[in-house]
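I have placed the structure first, in the form of structure tokens, so that the comments after it can refer back to it.
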2 protein chains.
Amino acid sequence: MGLTLEDIARQAGVSRSTVSRVVNGQPNVKENVRKRVQKVIQATGYHPNAAARMLVSQRSWTIGLVIPRTVNYFFRDPFFNYLTEGIAQACNQNNYTLAFFLIGNKEDEEKTFPRVSRRGLLDGIILQSGQLGDPLFDRLVASNIPLVIAGRPFHAEGVSYIDVDNVSAAVMAVNHLIGLGYQRIGAISGPFNNIVTQDRRDGYIKALVNANMPIEEALISEGDYTEQGGYHAMQRLLPQKPRAVFAFSDVMAVGAIRAVRDAGLRVPEDVAFIGFDDLPMDSIQSYQLTTIRQPVIQFGMKAVEMLIDLVQNGEKPARRLIMGTELIIRSTCGASLKK
Amino acid sequence: MGLTLEDIARQAGVSRSTVSRVVNGQPNVKENVRKRVQKVIQATGYHPNAAARMLVSQRSWTIGLVIPRTVNYFFRDPFFNYLTEGIAQACNQNNYTLAFFLIGNKEDEEKTFPRVSRRGLLDGIILQSGQLGDPLFDRLVASNIPLVIAGRPFHAEGVSYIDVDNVSAAVMAVNHLIGLGYQRIGAISGPFNNIVTQDRRDGYIKALVNANMPIEEALISEGDYTEQGGYHAMQRLLPQKPRAVFAFSDVMAVGAIRAVRDAGLRVPEDVAFIGFDDLPMDSIQSYQLTTIRQPVIQFGMKAVEMLIDLVQNGEKPARRLIMGTELIIRSTCGASLKK
DNA sequence: GTGAAAGCGCTAACAG
DNA sequence: CTGTTAGCGCTTTCAC
């Protein structure tokens, strides 16, 4: 351990530069010299020192993933597992290292922020955000380091982001229910201070309007993207006698279905359901949920690719990428009953 | 952007050395000079360059978390969320950066391994392992970088690790069932090639032996730490008519309980249950599971602290830390029926 | 207390 | 094609 270019150069009887060229696969090295150097590298198990390389090249080949726990679903929502998976995968493929920053509270933020924004450590940052007024968002934008927001931010001028087309996805979901002939279509939404929630709600309304169906506030029940939340939201919704429900997440759909069954009703015969996410979760599988599939892993990978683009080709103009979704028909929507 | 020590020094009318001392909070700087320098640093928003600091100090203040997906529960098991949370938290507190390596397949491994083991990038590594014959384990040990295994490894000579006392935990679980007077106590285990599984199984057997109860192979049913797996394992176990079951994870317990109910039996009146983990999961909450609580977040934090100890004080002798668990009594064990 | 100077290990002109 | 040289930005002796 502790080998340097110098050591390899000496052993191979060449100069540092030549070894450097070989290490970096550059041309302009005679084949037999290259072979000789490679042999020494092999034999010694030499690896170039990352810090030195970073310093001289002004590139760390590291990107940061910042997850504020205002997005406090980190614990519970497998969304983050898949997002992280996608990001990690893309980092691997592009030979980037992934630095992971989980920011819980204000104190964390103060301690961690300098590391995040310190030059030299990170080539760029992916921020998983979407919460209204996230203070991290402004600080990161101000810190002037290449930045990609995973999820459309509230103030999007000049910032690059990637998002799923939640509005269209919601329209697709509700259209599916409308197409099956259901009249009173309810929604179980997330917290309204959340941009994803707002988009899906917009889509829900848009689909109803397109179909000339009435919008009833009472048919929208606010959940919190947890199973419990879905259960209670459904309990509040039940008196409105919805014939079908669009739940803004599969997890909430499961909770809502439980509430329906506890009330002595059947799914989909009495209340039909469509969810959102389609992450392969153990606890959901048996429900045969009709749902909207988000390409979460792809989403993570694209975020990395966008960030690398920013790093290599400059941050202007800001990049945008909106990803599509897919309707997955299973049994809770009652489509099979109609045939 | 692009400020260097030199710039600050010039603006403050001192030398680089002095600025460096101020930045690093060293003594031997006159108070008024310190103030002056700090003011310039404030005003300019200067941050020292991480790469340069790494290079000269030979310390990256970065640790790597390596998760092989042989441990392919990453997707589905919230255990990793909590472990990661604990690790991230401890990194924050100690001013370390966390680099995250998710290694899926052989190809990933080949691509990523050089980055993991390259000197300069990482001060040390936490490996989440426990799978029999994990090739990463040997490579990492050989790479001679400070290493902590999260979970007791199969070959433990000379390597530092942290683990939960799974044997005692399982004894505690089964003793609880025995104490409630149950006779035929079954187990739903994980895959046998897994060291955690083996330990819990050993504990299960030990408790029965201590109580002079017979060991029946047929009462141990192999699951895979998923809900489905628990369901099917229970279906196979049901003909043995167990009066109580120790499931090696809460998720499997939930699947098993479903199987019991689908068979027209009641929990805990016909079959009592105790699980393992006690991670706060949405989909489990309503079951009121009696279980063994693992301190997963603590576990992650301790792993980081152990690694930092290794980095700072040398890797010899190897460190060991075995953490205790807690019995959480709720309703599935039937304890309340006995009163 | 403070500054000058050396050097961490590497890359990238620039000569030859 | 290959070697020499000059830094990247910082920490750290060592003088003063």
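Order of the sequence lines sets the chain letters (A, B, ...), proteins ahead of strands, with each chain counted from 1.
Relative to the side chain of L5(A), the nucleotides dC8(D), dC10(C), dG9(C) differ in distance, and dC10(C) lies closest. With dT5(D), dC1(D), dG7(C) as the choices, the nucleotide that has an atom nearest any side-chain atom of S17(A) turns out to be dT5(D). The nucleotide whose nearest atom lies closest to any side-chain atom of N28(B) is, among dG1(C), dT11(C), dG9(D), dG1(C). Minimum atom distance to the side chain of R21(B) is reached by dT13(D), of the listed dC10(D), dG9(C), dT13(D). Of all nucleotides listed (dT2(C), dA12(C), dA5(C)), dA12(C) comes nearest to the side chain of Q26(A). Comparing dC10(D), dG1(C), dC10(C) against the side chain of P48(B) picks out dC10(D) as the nearest. Of the listed nucleotides (dA6(C), dC10(C), dC8(C)), dC10(C) has the atom at the smallest distance from the side chain of A52(A). The nucleotide whose nearest atom lies closest to any side-chain atom of S15(B) is, among dA4(C), dT2(D), dC8(D), dA4(C). Of the candidate nucleotides dC1(D), dT11(D), dG9(C), dT11(D) has the atom nearest to the side chain of R16(B). In the set dG9(C), dG3(C), dG9(D), dG9(C) carries the atom at the smallest distance from any side-chain atom of V56(A).
Going from atom CG of D7(B) over to atom C1' of dC8(D) covers 13 Å, rounded to whole Å. What separates CD of E31(B) from C1' of dT2(C) is a distance of 15 Å, to the nearest Å. The distance between atom CD of Q58(A) and atom P of dA13(C), rounded to the nearest whole Å, is 13 Å. Distance CZ (R10(B)) to P (dA4(C)): 13 Å, rounded to an integer number of Å. In this structure, CD of E6(A) is placed 13 Å from C1' of dC8(C), rounded to the nearest angstrom. Across the protein-nucleic acid pair, L121(B) atom CG and dC10(C) atom C1' stand 15 Å apart, rounded to whole Å. In this entry the distance linking CG of L55(A) with P of dA6(D) reads 18 Å, nearest Å. M54(B) places its CE atom 15 Å from the P atom of dC10(C), with the value rounded to the nearest Å.
Residue N49(B) is classed as a sugar-phosphate contact, given heavy-atom separations below 4.0 Å to backbone atoms only. V23(A) comes within 4.0 angstrom of no nucleic acid atom, judged by non-hydrogen atoms across all strands.
Checking P27(B) against S57(B), the closest nucleotide of DNA chain C that is more toward the 5' end is the one next to P27(B).
When the local axes at the two ends of the helix from dG1(C)-dC16(D) to dG16(C)-dC1(D) are compared, using 5 base pairs at each end, they differ in direction by 40° after rounding to 10°.
Within the structure, a side-chain polar atom (N or O) of Y46(B) is placed less than 4.0 Å from OP1 or OP2 of dC10(D). Taking side-chain N and O atoms only, S20(B) has a distance below 4.0 Å to OP1 or OP2 of dT11(D).
In plain terms, the two heavy atoms of T4(A) and Y46(A) that are nearest each other are C-CE1, 3.7 Å. Across every non-hydrogen atom of L307(B) and I125(B), the tightest pair is CD2-N, 3.5 Å. The minimum heavy-atom distance linking I145(A) with G124(A) is given by the pair CG1-CA, 4.3 Å.
Cation-pi geometry between R115(B) and F101(B) is not met at under 6.0 angstrom from the ring centre and within 45 degrees of the axis.
The number of heavy-atom neighbours closer than 6.0 Å to CD of E110(A), taken from other residues, nucleotides and ligands shown, is above 12.
A donor N or O paired with an acceptor N or O is not found under 3.5 Å between the base of dG1(C) and the side-chain atoms of R34(B).
Looking only at side-chain heavy atoms (C-beta outward), L121(B) and M54(A) come within less than 4.5 Å of each other. Residues M301(B) and V304(B) form no side-chain contact, since every pair of their non-hydrogen atoms from C-beta on lies 4.5 Å or further apart.
Shown are V33(A), N24(A), I8(A); of these, the side-chain contact (heavy atoms from CB on, under 4.5 Å) with V19(A) is made only by I8(A).
At least one donor-acceptor pair under 3.5 Å links the side chain of K111(B) to the backbone N or O of Q93(A).
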